[in-house]
Amino acid sequence: MAGKYDAIVYDYFEKTNGSIILISEDPLFKRMLSSTIFKAIGTKRNCLSVTETVHAGLKKVQAMNKLGQDFIVFIERMVGGITSTDTILTLKRLLPELKIIVLVGETKRENIAFFYEIGVANVISKPASMNNIIEKLAFTVRPQGKLSEYMDQGKRSLNAGKFMEAMQIAQKVLSLKPESPAGLMLKGDIHLAQNELDKALESYHRAHESSKIYLEPIKKLVEAYRGVDEDEVLKYMKKLDRLSPLNAQRKTEIGKVHAKRNEMDKAESYFDQAIETVTREAMGMISAVAESISEAVAEDPGMSEKYLTKVLEAKGSRLDKDDISLFNKLGIALRGQGKWREAIDNYTTALRISPKDEGLYYNMGMAYYDGGDKRRAGHCFMKALEHNPDFYKASETVSMNIGALFADLREYEYAIPCFENALALNPENPLAARRLAALKDAVR
């Protein structure tokens, strides 16, 4: 199967003269994408353009579009600390057929649903393997083989006003794949273009029934009912909202319909959700900027504390498990200044959000260790081990710290495995070897 995808992507670069524009500040992904194109796929063409800013990326898009070249845009969800949503919407408005792939870190289902809703072709979660990139590229270049070709032909015929020809192509799609949502939507679009609303609605409803969680048929129903049946518009907008709940504009529109009907409680609920959605997006931008600043000044714990505190204060009650890394970084910045009590308070707050996070318990234990309270430090380390008995095994430093603390507390049964693990990770660690030998002598 991998070979099939490789061939599709190779043909895109070599036979179609396709290219990629990457808008990203991530050097690791740039290297991975470059290796995928030039080493794994083996293309000899200079077909990768990399920019680190949206402005430079848009200029490249304009230049390549003017030359009539085929290209795919890869863009980070956040570029320069700012969400790329507006850029994607602008690109899709100017170039509706442009294929865009969004790069994300760990993200939730509703985020991915929103990306597809605003017109992206695919989403890649980082870190991404070569196989993952090749597969996503293959599906972006040639989503459904013959079906995709027919759909492109059908849309071109429809746009040219050749309704009979377009309908024949829609029927071909449906003969290849009965009840295909894409084929049914094409039929609906043809009927709508000929002012056959009832037939259009029937096709859109069948498309929706064929795939309940596919957003496009529902969006078609919203537009078809607009100005015809407000209840149906509201019903399908709310369906869209449940499937893709991060669209603030749609929440506002739903609220406006309720306000027009004087259903102010319902209107207020959707308006509040719209503001909350936009605020979360803004907080994400603030967080990204401040976190980037804190990383730049990581060697200065005081400045790092200042900017991490700004992020946490800005988020306020919106803090969730996704923000635990911020608490850990702030705790480290506080400990770096000798503020171990403040670090403990910080971790206590974080544990209310994520009460089973072994990393928080470990870091809180290190803060107690800094303050000389070894008993409480040991209690925190034990809590970390309860939640994840193996959490220290990937780190020589963590193994050494826990081993040293348990050795001081004479809890050798916990200390010995930690020093053994440190030696397994680094056989040249003389301190671990000495401590382990001493402990084994002590328990004989």
Could you work out, with salt bridge (charged side-chain N to carboxylate O under 4.0 Å, His left out) as the rule, every residue matching [X], not counting sequence neighbours?
{"X": "E232", "result": "K235"}
{"X": "K220", "result": "D189"}
{"X": "K60", "result": "none"}

Pair listing, salt bridge (charged side-chain N to carboxylate O under 4.0 Å, His left out) test, anchored in residues 7-26, at least two apart
D11-K15, D26-K126

Residues 254-263 vs salt bridge (charged side-chain N to carboxylate O under 4.0 Å, His left out), sequence neighbours excluded, gives E230-K260, E230-R261, D231-R261

Carboxylate-amine/guanidinium contact D390 K393, below 4.0 Å
yes

Taking the basic N atoms (NZ, or NE/NH1/NH2) and the acidic carboxylate oxygens, is any pair closer than 4.0 Å for K251 and E276?
no

By ring pair (Phe, Tyr, Trp, His ring centres under 6.0 Å) - contacts of [X] (at least two apart):
{"X": "Y12", "result": "none"}
{"X": "F381", "result": "Y362"}
{"X": "H387", "result": "Y361"}

Side chain to side chain donor-acceptor pair (under 3.5 Å) against [X], all qualifying residues, sequence neighbours excluded:
{"X": "E358", "answer": "N388"}
{"X": "R226", "answer": "E223, E253"}
{"X": "K306", "answer": "none"}
{"X": "K136", "answer": "none"}

Would you say T90's side chain and D86's backbone share a donor-acceptor pair under 3.5 angstrom?
yes

Counting N and O atoms only, with roles assigned by atom type, does the side chain of N363 sit under 3.5 Å from a partner on the main chain of G359, one being a donor and the other an acceptor?
yes

Have [X] and [Y] got a donor and an acceptor in their side chains that come within less than 3.5 Å?
{"X": "S269", "Y": "Q273", "value": "yes"}
{"X": "S157", "Y": "E165", "value": "yes"}
{"X": "Y116", "Y": "N122", "value": "yes"}

Between [X] and [Y], which heavy-atom pair has the shortest distance, and what is it?
{"X": "S395", "Y": "S399", "value": "O-OG, 2.8 Å"}
{"X": "S84", "Y": "I75", "value": "CB-CD1, 3.7 Å"}
{"X": "A248", "Y": "V278", "value": "CB-CG2, 3.5 Å"}
{"X": "I118", "Y": "K92", "value": "O-CG, 3.7 Å"}

